[in-house]
Asker: 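Mind having a look at this structure? Questions to follow.
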Amino acid sequence: MKIVFFSTKSYDKEYFEKANKEFDFIFIEANLDPITAVVIPDGAVVCCFVNDAINEQVIEVLKSKKVRLIALRCAGFNQVNLEAAAKASIKVVRVPAYSPHAVAEHAVALLLTLNRKTHKAYNRVREGNFSLERMTGFDIFGKTVGVIGTGKIGATFASIMLGFGCRVIAYDPFPNTELTEKGIVYYPLNELLAQSDILSLHCPLTPETHHLIGQEALQHIKPGALLINTSRGALIDTLAAIDALKSHRLGALGIDVYEQEEHLFFQDFSDVIIDDDVISRLMTFPNVLITAHQAFLTSEALEQIALTTLQNIRSFNEGLPLANEVTLNKN
Ligand code: NAD
């Protein structure tokens with residue numbers, strides 16, 4: 001069986017080749033779109049990542065190529081038109097859990113870097129500048145941390161912050177009893193926003209959570225709060241966040257994901273003019289830290305992603321139940 005990988009990077013190749021025993025791989029660097037899809041051999045499995053927009057048009061081409069399985073090598077599936085896939089009788093599988101620690105720890109890295117300005121210290125010291133001017137941070141100990149979405153990653157992040165000596169509170173329509181047993185209290189969203197010194201987003205992107213942190217929510221946040229998003233870019237209305245940064249309502253913003261990231265992330269634009277004025281504006285703030293969707297990128301996570309993806313494909317091949325299938329009504 002042939003598996004065609006889209007949006008392939010060197011680390012995908014390395015970890016998938018290490019985990020492979022039986023499949024033929026075709027690695028393609030380009031994103032999946034209606035044009036790149038034409039190279040797919042008939043009946044192959046298509047393996048995609050977060051920014052491969054698997055819309056109705058793409059599904060149509062996949063159907064004409066007799067593709068029966070889309071294997072996502074990620075947890076999120078907001079990039080797939082599940083209705084169109086179901087209509088075309090194409091099954092979709094994903095990797096629901098690989099390393100919640102990888103993503104939760106990256107959220108902590110963003111928080112610590114933004115707060116203690118280690119990125120600036122690194123550059124200053126390398127240039128022989130040992131001044132501490134404008135480097136003051138705050139103690140994280142004793143602060144209130146609001147966690148939005150307490151599934152696998154949110155719960156891991158919440159536990160780490162308990163270890164820092166924070167008061168951790170949460171918002172999730174489905175409270176996690178393991179966290180309530182640890183003393184974490186759930187609040188309605190606006191109450192959580194008003195109480196939190198630090199906010200971290202860990203819920204999926206759905207029609208309900210699109211722009212969850214928009215103009216209205218930003219009016220409820222505690223003035224000066226620090227906001228971290230390692231989940232999906234469109235949870236935040238970026239233009240509203242820019243306004244909140246300009247008015248100092250939002251104290252700092254750390255993001256690993258961005259609303260329009262599919263046009264930028266995972267590519268090198270260091271020699272060209274970036275024509276996205278919104279991210280360009282964000283990049284000018286001294287209190288904004290952006291990483292390019294790298295929270296998942298640990299060797300443990302890559303190993304698990306490869307193993308689970310290949311097991312998903314093996315199960316499909318052998319007609320076994322698909323434990324990690326994504327359907328319209330499930331998940
Ligand atoms: P999960 O399914 O275990 O948990 C998601 C939680 O969000 C659930 O508890 C759910 O009840 C809650 N939720 C759903 N709707 C909500 C709402 N309206 N408000 C608040 N909470 C809500 O998922 P996970 O494994 O913890 O992953 C969380 C998200 O992290 C994924 O959806 C994905 O978008 C993102 N992610 C990012 C990276 C990265 O590299 N940056 C990697 C993996 C996952």
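In listed order, ligands and their atoms are each counted from 1. Please read these numbers as outputs of a predicted model, since none were measured by experiment.
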Asker: Report yes if the side chains of K120 and P286 come closer than 4.5 Å at any heavy-atom pair, otherwise no.
Answerer: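 Yes - at least one pair of side-chain heavy atoms lies under 4.5 Å apart.
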Asker: Salt bridge or not between E303 and K18? Use side-chain N to carboxylate O under 4.0 Å.
Answerer: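 Here E303 does not pair with K18 in a salt bridge, since their nearest N and O are not under 4.0 Å apart.
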Asker: Is it the side chain (CB and beyond), the backbone, both or neither of D256 that lies under 4.0 Å from ligand 1, heavy atoms counted?
Answerer: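 The answer is the side chain of D256.
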Asker: To the nearest 0.1 Å, how far is atom 18 (N) of ligand 1 from its closest protein heavy atom, and which atom is that?
Answerer: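 Sorting protein heavy atoms by distance from atom 18 (N) of ligand 1 puts T209 CG2, 3.2 Å first.
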Asker: Going by the order shown, which atoms of ligand 1 are within less than 4.0 Å of some heavy atom of A295?
Answerer: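 Heavy-atom distances to A295 below 4.0 Å select 39 (C), 40 (O), 41 (N).
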Asker: Aromatic rings F5 and F27: how do their planes relate, parallel, tilted or perpendicular, breaks at 30° and 60°?
Answerer: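 Correct class here is tilted.
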Asker: Please compare T230, N229, V257, L297 and report which has the shortest non-hydrogen distance to atom 38 (C) of ligand 1.
Answerer: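 Looking at heavy atoms only, the winner is T230.
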Asker: Flag the pair N51 / S7 as yes when at least one side-chain heavy-atom distance between them is below 4.5 Å, and no otherwise.
Answerer: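 Sidechains of S7 and N51: no contact.
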Asker: Give the residue, atom name and distance (to 0.1 Å) of the protein heavy atom nearest atom 28 (C) of ligand 1.
Answerer: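 That would be H202 O, 3.3 Å.
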Asker: Side chain of E261, backbone of H293: donor and acceptor closer than 3.5 Å?
Answerer: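 No, the answer is negative, given that no donor and acceptor are paired below the 3.5 Å cut-off.
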Asker: Are the side chains of Q219 and L193 in touch, meaning some heavy atoms are under 4.5 Å apart?
Answerer: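 Side chain of Q219 against side chain of L193, heavy atoms only: no contact under 4.5 Å found.
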Asker: Under 30°, 30 to 60°, or over 60°: which ring-plane class applies to F296 and F266, parallel, tilted or perpendicular?
Answerer: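 Rings of F296 and F266: perpendicular, over 60°.
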Asker: Side-chain contact test, heavy atoms from C-beta onward, threshold under 4.5 Å: evaluate it for D275 versus H263 and give yes or no.
Answerer: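 No; the side chains remain at least 4.5 Å from each other.
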Asker: Does ligand 1 have an atom under 4.0 Å from some heavy atom of G76?
Answerer: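 No, G76 has no heavy atom closer than 4.0 Å to ligand 1.
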Asker: Could you see which bit of Y98 sits under 4.0 Å from ligand 1, with heavy atoms only: side chain, backbone, both or neither?
Answerer: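 The part of Y98 near ligand 1 is the side chain, not the backbone.
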Asker: Taking side chain as C-beta onward, heavy atoms only, is V80 less than 4.5 Å from V326?
Answerer: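 Side chain of V80 against side chain of V326, heavy atoms only: no contact under 4.5 Å found.
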Asker: Quick one: are L239 and V278 in side-chain contact, heavy atoms under 4.5 Å?
Answerer: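 Answer yes - side chains close enough.
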Asker: Do L289 and H119 come within less than 4.5 Å of each other through their side chains, counting heavy atoms only?
Answerer: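 Yes - at least one pair of side-chain heavy atoms lies under 4.5 Å apart.
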Asker: Let me see the working for E56 and K87 under salt bridge (charged side-chain N to carboxylate O under 4.0 Å, His left out), right down to the final yes or no.
Answerer: CA-CA 10 Å; E56 216 173 334; K87 264 194 211 149; 5.4 Å; no
Asker: For atom 7 (O) of ligand 1, find the nearest protein heavy atom and state the residue, atom name and distance (0.1 Å precision).
Answerer: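 Protein heavy atom with the smallest distance to atom 7 (O) of ligand 1: P204 CD, 3.3 Å.
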Asker: Select the closest option to atom 4 (O) of ligand 1 among G151, A102, A107, judged by heavy-atom distance.
Answerer: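 Ranked by closest heavy atom to atom 4 (O) of ligand 1, first place is G151.
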Asker: Starting from atom 31 (C) of ligand 1, find the nearest protein heavy-atom neighbour and note its residue, name and distance.
Answerer: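 Ranking protein heavy atoms by distance from atom 31 (C) of ligand 1, first comes S231 OG, 4.1 Å.
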Asker: Purely on distance, is any nitrogen or oxygen of F296 under 3.5 Å from one on ligand 1?
Answerer: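 Yes.
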Asker: Is I153 in polar range of ligand 1, meaning some N or O pair under 3.5 Å apart?
Answerer: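 Yes - when backbone and side-chain N and O of I153 are compared with those of ligand 1, one distance drops under 3.5 Å.
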Asker: What do you reckon, does P100 put a non-hydrogen atom under 4.0 Å from ligand 1?
Answerer: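 Checking ligand 1 against P100, which is what was asked, there is no heavy-atom contact under 4.0 Å.
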Asker: Answer side chain, backbone, both or neither: which part of H293 comes under 4.0 Å from ligand 1, heavy atoms only.
Answerer: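 H293 to ligand 1: side-chain contact only, backbone stays beyond 4.0 Å.
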Asker: Once the angle between the rings of H202 and F157 is folded into 0 to 90°, is it parallel (under 30°), tilted (30 to 60°) or perpendicular (over 60°)?
Answerer: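 It falls in the tilted class, 30° to 60°.
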Asker: Return a yes/no value for D172: is any of its N or O atoms, backbone included, closer than 3.5 angstrom to an N or O of ligand 1?
Answerer: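 Yes, at least one N or O pair falls under 3.5 Å.
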Asker: Heavy atoms, side chains only, cut-off 4.5 Å: are V108 and I228 in contact?
Answerer: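 Result no, sub-4.5 Å side-chain heavy-atom pair not found.
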Asker: Can you tell me which residue and heavy atom of the protein come closest to atom 33 (C) of ligand 1, and the distance to 0.1 Å?
Answerer: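 Nearest protein contact, heavy atoms only, for atom 33 (C) of ligand 1 is R232 NH1, 3.7 Å.
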Asker: Just which atoms of ligand 1 are under 4.0 Å from any heavy atom in F174?
Answerer: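 Every atom of ligand 1 under 4.0 Å from some heavy atom of F174: 11 (O).
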Asker: Taking non-hydrogen atoms only, is T150 closer than 4.0 angstrom to ligand 1 via side chain, backbone, both or neither?
Answerer: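 The part of T150 near ligand 1 is the backbone, not the side chain.
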Asker: For ligand 1, which atoms, with element, lie under 4.0 Å from some heavy atom of C203?
Answerer: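 Ligand 1 atoms under the 4.0 Å threshold to C203: 7 (O), 13 (N), 16 (C), 20 (C), 21 (N), 22 (C).
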Asker: Could a heavy atom of P173 be found less than 4.0 Å from some atom of ligand 1?
Answerer: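 Yes; P173 lies near enough to ligand 1 that a heavy-atom distance drops under 4.0 Å.
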Asker: Heavy-atom distances under 4.0 Å decide this one: backbone, side chain, both or neither, for K152 against ligand 1?
Answerer: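 Both backbone and side chain of K152 come within 4.0 Å of ligand 1.
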Asker: Would V103 count as a contact of ligand 1 if the rule is a heavy atom under 4.0 Å away?
Answerer: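 Yes, V103 has a heavy atom closer than 4.0 Å to ligand 1.
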Asker: Just to confirm my output: which protein heavy-atom neighbour is closest to atom 19 (N) of ligand 1, and how far is it?
Answerer: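 Nearest neighbour among protein heavy atoms for atom 19 (N) of ligand 1, to 0.1 Å: Y171 CE2, 3.3 Å.
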